[in-house]
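The block underneath contains the structure these notes are about, expressed in structure tokens.
Hydrogens, waters and symmetry mates are skipped; everything else that's a heavy atom, side chains included, is used. Within every chain, numbering begins at 1; the chains are lettered A, B, ... in the order of the sequence lines, protein sequences first and strands thereafter.
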Amino acid sequence: MKILVFGQLTDIIGQHEYVMESIDEMKVSSLRQQLLNNYPALLGKKYLIAVNKKMADDNAKIEATDEIALLPPFSGG
Amino acid sequence: MKILVFGQLTDIIGQHEYVMESIDEMKVSSLRQQLLNNYPALLGKKYLIAVNKKMADDNAKIEATDEIALLPPFSGG
Amino acid sequence: MSERKPKNIFVQGAVAPAFIGDSIAKHATNTKIGGHSIFLGQVRADEIEGKKVTGIEYTAYEDMALQKMFEIREDIFAKYPLTCMHVYHSLGVVAEGEICLFVFTSSAHRKAAIDACTECVERIKAELPVWGKEIFAENDYQWKVNS
Amino acid sequence: MSERKPKNIFVQGAVAPAFIGDSIAKHATNTKIGGHSIFLGQVRADEIEGKKVTGIEYTAYEDMALQKMFEIREDIFAKYPLTCMHVYHSLGVVAEGEICLFVFTSSAHRKAAIDACTECVERIKAELPVWGKEIFAENDYQWKVNS
């Protein structure tokens, strides 16, 4: 599962893109939990998760081939 | 009394600036009446009168040395 | 703070786009600015009863307009935390497609710049003794009416 | 009317004031335009806890941002009678005093251009996956927060 990391989250995860071993299919909420296990510094950090470039809520399902992105609060402009 | 004429009123009065013989002091309302007598085509035309570059209402007094201006609706910009 | 005085806003003919670019560039040295808002009025080639507008000829009661613009400027600086505000209005003929009004406000944050610019444009249109004469291709004209 | 497709809005580094002037000049041929509204974001040299911002480094989730910008553009064209709308956002480092965002809307009448420009700026700030990293003179940084 390809995971893109942006903004201040790159300070925690240390890279802009990485591949996470995935169970075949999971919910966004499970991904959040797994990320927190791997990176405890994510605790309390606000971020949205996009699946294939669309915002996904916690109940959305993710497949191994999806493009996942971790999006902290936007600060463009 | 020096009278400046602007915008569409120049089409009626035919000039941008003229000197009108004046009684020593008069009200703006009297000036309006006298202008209408001189230029009947002013009938129904909307315009404001400025005295010394300030808007004046019908009761304001005008002296012979004042600078009068006839201001039809603005259309700048 | 030094007292502000009436500034000339009138330019002969159109406002050149390169002049606008230069005005923007000059603000790079003011690093307290976070947002600029610009309004530009452009002469439309309206068709009115089959006649085509080819330009607008602007005249003004200049002394009174500059005094009124000074009041507007003072009001807007009192109301919004602006770093600066610039206004240019054409006199004489401005051809279709050319710029006749340039209002430029800058502030630390966008909201003040945007609101001040909009308010300034509305007040210029409503309060400045300026008149536009719409010139038709047919060697004819009509006096512009602001909406 | 031909179908609109996502357009690139990203430029490397600052938006040059001369580019803005050129963009304005190009609209002279569209003589249905009566008003342009422009918003420019400029990088402020803020001082934060004694440290001075010397620039902002922008990164974006580009594909998603362009798709979102396309949606915003479609919404705004559906809501306002615009003749055109242009958006440019910087990527990479933009120094203090330089322009990082250029939003440009045009319409026959001023209100549509002004309202569309303001709405576009607000949506860009709230909805585009773009991040700014405020770079301090002290070889340090912090992530920008939009207000």
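At a heavy-atom cut-off of under 4.5 Å, chain D is reached by C/A108, C/H109, C/R110, C/I114, C/T118 from residues 108-119 of chain C, listed in order of number.
In terms of modelled atom types and a separation under 3.5 Å, the side chain of C/Q42 and the main chain of D/H27 share a donor-acceptor contact.
Of the atoms belonging to C/E96, heavy atoms from both backbone and side chain fall under 4.5 Å from chain D. With a 4.5 Å cut-off on non-hydrogen atoms, D/S37 touches chain C through its backbone and its side chain both. Within the 4.5 angstrom heavy-atom criterion, only backbone atoms of C/N30 (N, CA, C, O) approach chain D. For chain D, no part of C/V103 is nearby; none of its heavy atoms comes within less than 4.5 Å.
Once rounded to the nearest 0.5 Å, the distance linking CD1 of C/I24 with CD1 of D/I24 reads 5.5 Å. To the nearest 0.5 angstrom, D/F102 atom CZ is 8.0 Å from C/I38 atom CD1. To the nearest 0.5 Å, atoms CD (C/E47) and OG1 (D/T31) are separated by 10.5 Å.
Taking C/A95, C/G21, C/C100, C/A14 one by one and counting their heavy-atom pairs under 4.5 Å with chain D, the maximum is reached by C/G21. Here C/I33 is the residue among C/I33, C/I20, C/D22, C/V121 with the most heavy-atom pairs under 4.5 Å with chain D.
With a 6.0 Å radius and a threshold of 12 heavy atoms from other residues, nucleotides or ligands, C/D140 has its CG atom above the threshold.
With contacts defined as side-chain heavy-atom distances shorter than 4.5 Å, the pair C/I99/D/H36 qualifies.
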